[in-house]
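Working notes, structure below.
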There are 2 protein chains.
Amino acid sequence: MGTKSTPRSALAAARSRALLRSLPGSGHRTGLFANCPDLIGTPFSYAREEEIYGEGEEAEFVYRVVEGAVRTHKVLSDGRRQITGFHLADSLFGFEQGDVHWHTAEALSDTRVLIFQRRPIERAATRSAEVACQLWSMATANLRDAQDLTLLLGRRSAQERLAAFLIEVDGRFGGTGTFALPMTRRDIADYLGLTIETVSRTFSQLEEDGALRRANGRQVTLHRARLRHVVED
Amino acid sequence: MGTKSTPRSALAAARSRALLRSLPGSGHRTGLFANCPDLIGTPFSYAREEEIYGEGEEAEFVYRVVEGAVRTHKVLSDGRRQITGFHLADSLFGFEQGDVHWHTAEALSDTRVLIFQRRPIERAATRSAEVACQLWSMATANLRDAQDLTLLLGRRSAQERLAAFLIEVDGRFGGTGTFALPMTRRDIADYLGLTIETVSRTFSQLEEDGALRRANGRQVTLHRARLRHVVED
DNA sequence: CGCACCGTTGAGCAAGTTCAATCCAAGTGG
DNA sequence: CCACTTGGATTGAACTTGCTCAACGGTGCG
């Protein structure tokens, strides 16, 4: 559904169903913006590897992940890429400084999102201190994540980067220690500032050290105590 | 003044002068919070290398640089340090997620700041959408900076990092192309994720390439076109 | 089947680090 | 006032980490 149409046309089509979706219990009213009756998300879907928005495009919408996963990244002219974040279920993304997206967002896997128009949210923020505070709090949380990544990229070894990354992903999946990574080795490399070969070799090292076990490439089982020992702080 | 006393006692002492300072034209009412009559900053000073607040401390105040320069950083247990930002005149810093500072702030040189209590500002944000929007906008700007740094650290060479850094600092000093760096090589290294030796060598390379000239260590004159060519994007 | 993509592994290489020596400017104490 | 110390910066030489280039195996899909 929907991957051939645009967010704009989907929005128009969905307007008629707005009443139904805004009913309590329909699942679209939890979390940020929950108390904002005019801010109703429109469901939308993207296929694996599909671009959601590109750097430099006008930032008309913001997005909340319902199911699947999204990456945001920046690219240099020669193709070097830095992934700035992965967004799993419930994560909100697409808010930028100014009217233009300053990175690119793509779906890691087939992904369902809720789309919100940015303008009404910003207008709501200028009227409601509560909405504005929610936006502030969200931006601040993102800032903390970005600065943690800064420390990771600036001062940590490949082993530490991968270990920290796996612990982080595990946490976002509920902390069971066993999960399937939703992203490729290339995505991991471009997030951690490494090459795919180094990521692969580091996986092998960590497995030799008994810090994790791999199955079928993407599936991992973490030995969290040992991984935490690698990160050590 | 004031480097032996605490922000708390300075605040108390300054309360009596509040009326005077709040007069228009006294220079304390421009920029963010300008429209917020209760939010009056208290002048305060820090000596070179003095800590302003430490990671883990309760975040009671936020700060605006009046004169001088400040760095914020995180440290790993083994001493590796990542500077997350330099704050020059007019820059606001010290806002964190939650009630605790999650990095450390220190004065690069003798520095004068205005101190604001965080609580009243947060209370004002819950009442005034305008204040909350300013805070949001500030956080978003910081986020963009942090993500630019992420790209720098993850995917750029030493030459590109230093060139981008110098262009950035030049811009903050007015873009004349000639200025004295307010920070040491160690600070630059810890900001760019390099060692002091690499920073020094990279300075030498850039000078050989005619992209800048050095004088007395800290003083530099940039050949901005050539530096921009190094960064290339 | 054949191709494309993903992941792994090996060998050699290069960028940046580590260790060490030296220089210089600015204190500091006799 | 000068010897001595201290901290910042630069440079050289050896080393290490992670990168580049290359080959190969597995899996899914047209």
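Letters go in sequence order (proteins before strands), and every chain restarts at 1. Fair warning: this is a prediction, and the values are worked out from it, not measured in the lab.
- Each of A:R81, A:R185, A:R71 was checked for a salt bridge (Lys or Arg N to Asp or Glu O under 4.0 Å) with A:D190, and the lone residue meeting it is A:R81.
- If you take CD of B:Q219 and C1' of C:dA25, they are 16 Å apart, rounded to a whole angstrom.
- Judged by distance alone, with hydrogens and angles left aside, the side-chain atoms of B:S137 form no donor-acceptor pair with the main-chain N or O of B:L135 at under 3.5 Å.
- Scanning for side-chain contact (heavy atoms from CB on, under 4.5 Å) contacts around A:D145 gives an empty result, with sequence neighbours left out.
- Using a 4.0 Å cut-off between a side-chain N of Lys or Arg and a carboxylate O of Asp or Glu, A:E197 and A:R201 do not qualify as a salt bridge.
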Under 3.5 Å between N/O atoms: give me all the protein pairs with nucleotides 23-26 of chain D, atom names plus distance.
none

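- Comment: B:R224 engages B:D170 in a salt bridge, judged by a side-chain N to carboxylate O separation of less than 4.0 angstrom.
- In this structure, A:Q147 contributes its side chain and A:R144 its backbone to no donor-acceptor pair below 3.5 Å.
- In this structure, a donor-acceptor pair under 3.5 Å is present between the side chains of A:T72 and A:T84.
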task = Scan nucleotides 5-21 of chain D nucleotide by nucleotide, 5' to 3', and note B when protein non-hydrogen atoms come under 4.0 Å of the base, S if they reach only the sugar-phosphate, - if neither.
result = ----SBBBB----SSBB
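- A:Q205 has its CD atom 13 Å from the P atom of C:dT8, to the nearest Å.
- Dense packing is recorded around CG of B:D78, with more than 12 heavy atoms of other residues, nucleotides or ligands lying under 6.0 Å away.
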